[in-house]
2 protein chains.
Amino acid sequence: MAEKEPGLRERTRRAVKAEIAAVAKRLFVERGFEATTIDDIAAVVGMSQRSVFRYFATKEEIVLGGYDAVLADLLAELSARPAGEDDLASLRSVLAFLVKISDPPGHRDVIASALRLVFETPLLYAAYLEKLQKMQDAIVAVLFERARAEGRPRAVDDPEPRVLVAAEFGAFLAAQHSWLALGVKGPFAGVHARAVAVLDAPRGQAEVAGPK
Amino acid sequence: MAEKEPGLRERTRRAVKAEIAAVAKRLFVERGFEATTIDDIAAVVGMSQRSVFRYFATKEEIVLGGYDAVLADLLAELSARPAGEDDLASLRSVLAFLVKISDPPGHRDVIASALRLVFETPLLYAAYLEKLQKMQDAIVAVLFERARAEGRPRAVDDPEPRVLVAAEFGAFLAAQHSWLALGVKGPFAGVHARAVAVLDAPRGQAEVAGPK
DNA sequence: CACAAAGTGACAGTGACTGTCACGTTCGAC
DNA sequence: GTCGAACGTGACAGTCACTGTCACTTTGTG
């Protein structure tokens, strides 16, 4: 629906967008997100403030805009799951995808500074939480729809899909925090696996001997 | 630390604050959050825009400011738990408190419109997510500290407390969504219990027969 | 080449929020 | 009771994210 072959216009647009984002991210990391104005960014890129807003709707989008594409990919991954697969299994494959792109090989230092920026800037952190929530809402909608299509419709107030999705995303976010606390060293997948293990541990008697 | 006996100055301050909040919430529900300016509110209350900002740091705080007190109560509840109690049990008592105040008897219609306002206004929803996250962060910090004080310190990158807390809060939020989807009918505690049951169900084979 | 669509700069405007200052009120010491 | 300090407020000016508009240029297309 939106996937045509590039086309020169679209390609320049993407290039400009990428340049703005690159410049902006650098300034944000150097001076801080709030201390950097859109005019600063526009000046460095060499365009008017108005034009920057033609590429990004908000200041936060400059940093987090990439997650719109991620959301689309997540949904694609989800609808590629075999019919009849249970929700948790589908969900985990979606999360595995998210985990994969959260630690692209060879870019760990870039990811680290970006992650730090987002987690340490309240405005960005709030926007990030909103993005994660949007992903969850979209996934939940698909799970409801899938249940309906497979002849086992769920009541509108059935909390199960929401809870499952929220728990998985909660573990994902917790893993990102732990990874950051660790200095973004080592593969994220390992940290995430430990987080998911907490979810899988039988409830009611927490305290499974932790790795030490 | 902040709990002294009222004192006239403090009492008037709280009264004014409550009046601003009451007026603002009415206007927000009537005209929408974004369509209502601080000047509108100031005009109705009969004060200057500047003065409104002396009571509330941001527009969102007018609606969500109450959660600062909730956070304090949550932490009080948590530190009142018996030493040695396992994290999940303590956590559940904290959540029970949150559930309780989320459905105060006799105010369900007020809660319903407030909940709808928050969930349907992106700006407010993001701010609400941020508040919930702040609560989680504070609770996680206490759990880490408690573990240290009890002689079983956790590694800084141990994801367990974060995951447990995130899962519980995820279930809470999911329950609020389900409650809203249901039209805010019936006790919230019931909806919440169903949500928590999903967490407690053994993993790996989701699909426990749902209520029908 | 012509023409419509798309991109841009310049300008003005809104609204959330902040700093500052002068003025009036109030609280506590005496 | 009174007086000075602390506090609350209105008025005003300023910043910054964001939006609408318009005239102008650039560019893809037939």
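A note on names: the letters A, B, ... follow the listed sequences, proteins ahead of strands, and every chain is numbered from 1.
- Donor-acceptor pairing under 3.5 Å, judged by distance alone, is absent between the side chain of Arg50(B) and the base of dG8(D).
- Asp39(A) places its CG atom 11 Å from the P atom of dT15(D), with the value rounded to the nearest Å.
- One finds a side-chain N or O of Tyr55(A) lying less than 4.0 angstrom from the OP1 or OP2 phosphate oxygen of dT8(C).
- A salt bridge does not link Lys185(B) with Asp157(A): none of the charged nitrogens is closer than 4.0 Å to a carboxylate oxygen.
- Among the protein residues, Phe56(B) comes within range of no part of the nucleic acid, since none of its heavy atoms lies under 4.0 Å from any strand.
- Here Glu10(A) does not pair with Arg13(A) in a salt bridge; the nearest charged N to carboxylate O distance is not below 4.0 Å.
- The CD-P distance, from Glu61(B) to dT18(C), rounds to 11 Å in whole Å.
- Within the 4.0 angstrom heavy-atom criterion, no nucleotide atom of any strand lies near Thr12(B).
- Straight-line distance from the CZ atom of Phe53(A) to the P atom of dA10(C): 16 Å, rounded to whole Å.
- Between Phe188(B) and the options Arg108(B), Lys100(B), Gln176(B), a side chain to side chain contact (heavy atoms under 4.5 Å, CB included) holds for only Gln176(B).
- Ring-plane geometry between His177(B) and Phe119(B) is classed as tilted, the angle between the planes lying from 30 to 60 degrees on a 0 to 90 degree scale.
- For Lys131(A) and Glu61(A), the salt-bridge test passes: some basic side-chain N is under 4.0 Å from an acidic carboxylate O.
- We find that CD1 of Ile38(A) is positioned 17 Å from P of dT15(D), with the value rounded to whole Å.
- Taking side-chain N and O atoms only, Ser51(B) has a distance below 4.0 Å to OP1 or OP2 of dG10(D).
- Rounded to a whole Å, the CG atom of Leu123(B) is 16 Å from the P atom of dA17(D).
- In this structure, CD of Gln49(B) is placed 19 Å from P of dG8(D), rounded to the nearest angstrom.
- Between Ile41(A) atom CD1 and dC18(D) atom P the separation is 10 Å, expressed in whole Å.
- Regarding Arg54(A), its CZ atom lies at a distance of 16 Å from the C1' atom of dA17(D), rounded to whole Å.
- As judged by a 4.0 angstrom heavy-atom cut-off over every strand, Arg13(B) is placed among residues making no nucleic acid contact.
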